[in-house]
Amino acid sequence: TFEPEEQENEEGLEVELIDSHTTAISSKLISPTPPTNKKTFERTDQGMEVQDFFGNSVDDARSNYAKADTELLATSQKAINAQREVIKKKQELSAAREVLENAKHTEQELTMAAKRAASAARSNKEHADTAQSRVRAVQQLVDNAKDQA
C-alpha cells in the first residue's frame, strides 16, 4: 500500500504528495485515505474570497502603478522644463557677466583717461601759472620802464 509523503513547501504549509493512483477532482488532489490531524485545503467560499482579494490586490497594484507612472511622467516633464529654465537662466547670466566685464573694462579705460586728463590739466595749470607769473614780471618790467622814461 502507498502512504502519502508529507513535506513542507516554501511557505511553510504542509503539502501532501500522493501517487498517480489518486484521482484529481476539479484541480484538487485528494488522498484516498484522508489524513488525520492534518488541515486539508478545500475550495470554499472563503477560498473564493481570498481569490477575489488577490485579484483586487493585483488590480489595485496595477492602478497604483499607473498612477505612479503618470506622476513620474508629470514630474519628469516638470524636471525637463526646470532644466530648460536653468539653461536659459545660465545663458542670461553668461550674457550679464559679459556685459559686466565690458562695463568694467570701459570703466578702467575711462578711469585711466580721466587720470591722464587730470595729469594733463595739472601740467597745463602749472604751465599757465608759470606763464602768468612771467606775464606779470614782464608787465612789471614794462611799467618800470615806462616810469623811468
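Every heavy atom of this structure was used, including side-chain atoms; hydrogens, water molecules and symmetry mates were not.
Between the CZ atom of R134 and the CG atom of L141 there is a distance of 13.0 Å, given to the nearest 0.5 Å. With values rounded to the nearest 0.5 angstrom, Q140 atom CD is found 10.5 Å from D147 atom CG. Distance check: K67 NZ to D60 CG gives 8.5 Å after rounding to the nearest 0.5 Å. The line from CD of E109 to NZ of K104 is 15.0 Å long, rounded to the nearest 0.5 Å. In this structure, OG in S133 is found 8.0 Å from CG in D129, a value given to the nearest 0.5 Å. Note that the CG atom of L110 and the CD atom of Q108 stand 10.5 Å from one another [nearest 0.5 Å].
Partner of Q77 under the side chain to side chain contact (heavy atoms under 4.5 Å, CB included) criterion, out of T75, L73, N81: N81 alone. The side chain to side chain contact (heavy atoms under 4.5 Å, CB included) test with R84 singles out one residue from I87, I80, V86, and that residue is I80.
A donor-acceptor contact shorter than 3.5 Å links the side chain of T130 to the backbone of E126.
Counting heavy-atom neighbours within 6.0 Å of E98 CD, excluding the residue itself, gives a total of 12 or less.
Side-chain atoms of R116 and M112, non-hydrogen and from C-beta on, do get closer than 4.5 Å to each other.
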Show your working on side-chain contact (heavy atoms from CB on, under 4.5 Å) between S94 and Q91 and close with a plain yes or no. CA-CA 5 Å; S94 178; Q91 290 170 344; 5.5 Å; no
Apply side-chain contact (heavy atoms from CB on, under 4.5 Å) to the pair K115 and S119, showing each step before the final yes or no. CA-CA 6 Å; K115 287 180 180 180; S119 177; over 6 Å; no
Pair E92, K89 - check salt bridge (charged side-chain N to carboxylate O under 4.0 Å, His left out), show working. CA-CA 5 Å; E92 290 174 6; K89 295 301 179 184; 3.6 Å; yes
